[in-house]
Number of protein chains: 2
Amino acid sequence: MSTHTHAAWREHALHQLESAGYRRGEARSAVVEVLSRQDCALTAQEIGDALRRRRRAVGLASVYRALDVLSDLKLVQRLEMGQGVARYEPLDPSGDHHHHLVCQLCGNVVPFDDADLESTIERLSDRLEFDVDEHDVVLRGACSACRER
Amino acid sequence: MSTHTHAAWREHALHQLESAGYRRGEARSAVVEVLSRQDCALTAQEIGDALRRRRRAVGLASVYRALDVLSDLKLVQRLEMGQGVARYEPLDPSGDHHHHLVCQLCGNVVPFDDADLESTIERLSDRLEFDVDEHDVVLRGACSACRER
DNA sequence: ATGACTGCAAAGCCTTTGCACGCAA
DNA sequence: TTGCGTGCAAAGGCTTTGCAGTCAT
């Protein structure tokens, strides 16, 4: 597991934003807030919906703009897991991360991590004629709930 | 490497289409033709362009429709590697496959394969509470050409 | 002859951009 | 006060759909 709590990520992110010269705007802070409460990948829509539910409605354009900035600062990772929709999740500054299982029946996304997989990818990266600095792995299939139906 | 040549994949695909009750239409056959000459992932646009260059222009809608059918029959794999554009590549019936390196500087996509990675993922899949039936791995970084600049 | 196949144009998503206003610093 | 941040509406890019004509069987 990560050494960082959700609150710690939020502080870290807000601090990084400030250091990078960004002002503490309402919309951006609200997006950081929502992301900090969730450790798996959300779509821009989902973030917008969550904000609306919490009575801190933010224009979708601002959500996208906030996510752009956060991606640039490597505070969130942008992921594409099919269906042509991008998902975003907080990036642990320690380098810790997980990958995703996508259920092809219900569309649910479940995180998992595996040390073996990480070290295999690391060894592999060294072997390639390519400077690898990111990787992602998506497993697709049926989640336990859907399999039983 | 695959045990199937490009021509073999084309024959296999055309045969499967026929078995599944599809007619041998011009557009669909042309898409199969282009895919069979390439073993790494192409976008719908790229397929359309290739067809136009070969004087067998096909409407983009038909390209997409053909790719849909081919995906359903598991003859091609649909991949999303960022930038919100889907890519498609022939799927070897033997189960052989590769993964991709994406250069974040020039956008080039390069295939690679690694037995170690495959077996690690297979072991991992058995360990999970999830029926895994597909996986894909994307490595991002700088290709050798871009690194030198 | 019949209905699958195709191309074109229109419609649908997700995402980005333009612009005017408001707010942090 | 300055110019970054925000929301709205419009524009963009990829993909899908509706429709009428065409072609395989």
Side-chain angles (χ1 to χ4, degrees), chain A residues 13-34 41-52 54-73 75-88 107 109, chain B residues 13-34 41-52 54-73 75-88 107 109:
Chain A
L14 293 174
H15 182 263
Q16 291 292 107
L17 284 168
E18 186 177 340
S19 308
Y22 291 100
R23 292 182 184 173
R24 210 182 187 90
E26 263 300 301
R28 196 150 50 211
S29 302
V31 169
V32 168
E33 174 70 26
V34 165
L42 294 175
T43 66
Q45 273 294 346
E46 289 168 348
I47 293 170
D49 292 346
L51 289 167
R52 213 167 303 117
R54 310 181 78 219
R55 307 285 153 83
R56 293 183 66 180
V58 162
L60 250 195
S62 299
V63 172
Y64 280 109
R65 280 188 283 236
L67 291 169
D68 261 14
V69 170
L70 292 166
S71 298
D72 286 351
L73 297 179
L75 292 166
V76 313
Q77 172 158 27
R78 181 187 174 160
L79 299 163
E80 316 226 2
M81 298 189 282
Q83 303 85 47
V85 198
R87 290 178 171 273
Y88 302 82
V109 175
Chain B
L14 292 173
H15 182 264
Q16 290 292 107
L17 283 168
E18 187 176 343
S19 308
Y22 291 100
R23 291 182 183 173
R24 211 182 187 90
E26 263 301 300
R28 194 151 50 214
S29 302
V31 169
V32 168
E33 173 72 24
V34 165
L42 294 175
T43 65
Q45 273 294 348
E46 288 167 348
I47 293 171
D49 292 346
L51 289 166
R52 214 166 303 117
R54 311 182 78 221
R55 308 285 153 83
R56 294 183 66 180
V58 163
L60 250 196
S62 299
V63 173
Y64 280 109
R65 279 188 283 237
L67 291 170
D68 262 13
V69 169
L70 293 167
S71 297
D72 286 350
L73 297 179
L75 292 165
V76 313
Q77 172 158 27
R78 183 188 171 154
L79 299 163
E80 316 226 3
M81 298 189 281
Q83 303 85 48
V85 198
R87 291 179 170 272
Y88 302 81
V109 174

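- Each of B:Gly25 and B:Ala44 has a nearest nucleotide on DNA chain D; the 5'-most of these lies closest to B:Ala44.
- Comparing B:Arg24 and B:Ala61 by the nucleotide of DNA chain C whose heavy atom lies nearest to each, the residue mapping closer to the 5' end is B:Arg24.
- Atom CG in B:Leu60 sits roughly 20 Å away from atom P in C:dG12 (whole-Å rounding).
- Considering A:Val109, A:Leu67, A:Val76, A:Val34 in turn, A:Val34 is the only one that fulfils the side chain to side chain contact (heavy atoms under 4.5 Å, CB included) rule with A:Leu42.
- Side-chain proximity of B:Val58 to D:dT15, C:dT15, C:dG7: nearest is C:dG7.
- For B:Glu26 and C:dG7, the CD to P distance is 9 Å, given to the nearest whole Å.
- Rounding to whole angstrom units, CG of residue A:Leu79 and C1' of C:dC14 are separated by 16 Å.
- Between the P atom of C:dC13 and the CD atom of B:Glu80 lies a distance of 17 Å, rounded to the nearest Å.
- Counting to the nearest Å, the P atom of C:dC5 and the CG atom of B:Asp68 are 13 Å from each other.
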### Query
Would B:Arg23 and B:Glu18 satisfy salt bridge (charged side-chain N to carboxylate O under 4.0 Å, His left out), going step by step from the backbone distance to the final call?
CA-CA 6 Å; B:Arg23 291 182 183 173; B:Glu18 187 176 343; over 6 Å; no
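- In this structure, A:Arg65 reaches the bases: a heavy-atom distance under 4.0 Å links it to at least one base atom across the strands shown.
- The distance from atom CG of B:Leu17 to atom P of C:dT6 is 10 Å, rounded to the nearest whole Å.
- Atom C1' of nucleotide C:dT6 and atom CG of B:Leu51 are separated by 13 Å, given to the nearest angstrom.
- Between the side chain of A:Gln16 and the backbone N or O of A:Leu75, no donor-acceptor pair lies under 3.5 Å.
- Between the CG atom of B:Leu67 and the C1' atom of C:dC5 there is a distance of 15 Å, rounded to whole Å.
- Using a 4.0 Å heavy-atom distance criterion, A:Ala57 is classed as a sugar-phosphate-only contact.
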### Task
Would you sort out whether A:Arg52 and A:Asp49 count as a salt bridge (charged side-chain N to carboxylate O under 4.0 Å, His left out), showing the intermediate values?
CA-CA 5 Å; A:Arg52 213 167 303 117; A:Asp49 292 346; 3.0 Å; yes
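- When atom types are taken as modelled, the side chain of B:Arg28 and the backbone of B:Ser62 share no donor-acceptor pair closer than 3.5 angstrom.
- Among the protein residues, B:Gln45 comes within range of no part of the nucleic acid, since none of its heavy atoms lies under 4.0 Å from any strand.
- Among the nucleotides D:dG5, C:dT16, D:dT6, the one closest to any side-chain atom of A:Ser62 is D:dT6.
- Side-chain nitrogen and oxygen atoms of B:Arg23 include none within less than 4.0 Å of the OP1 or OP2 phosphate oxygen of D:dT25.
- Phosphate contact (OP1/OP2 of C:dT15, side-chain N/O of A:Tyr64, threshold under 4.0 Å): present.
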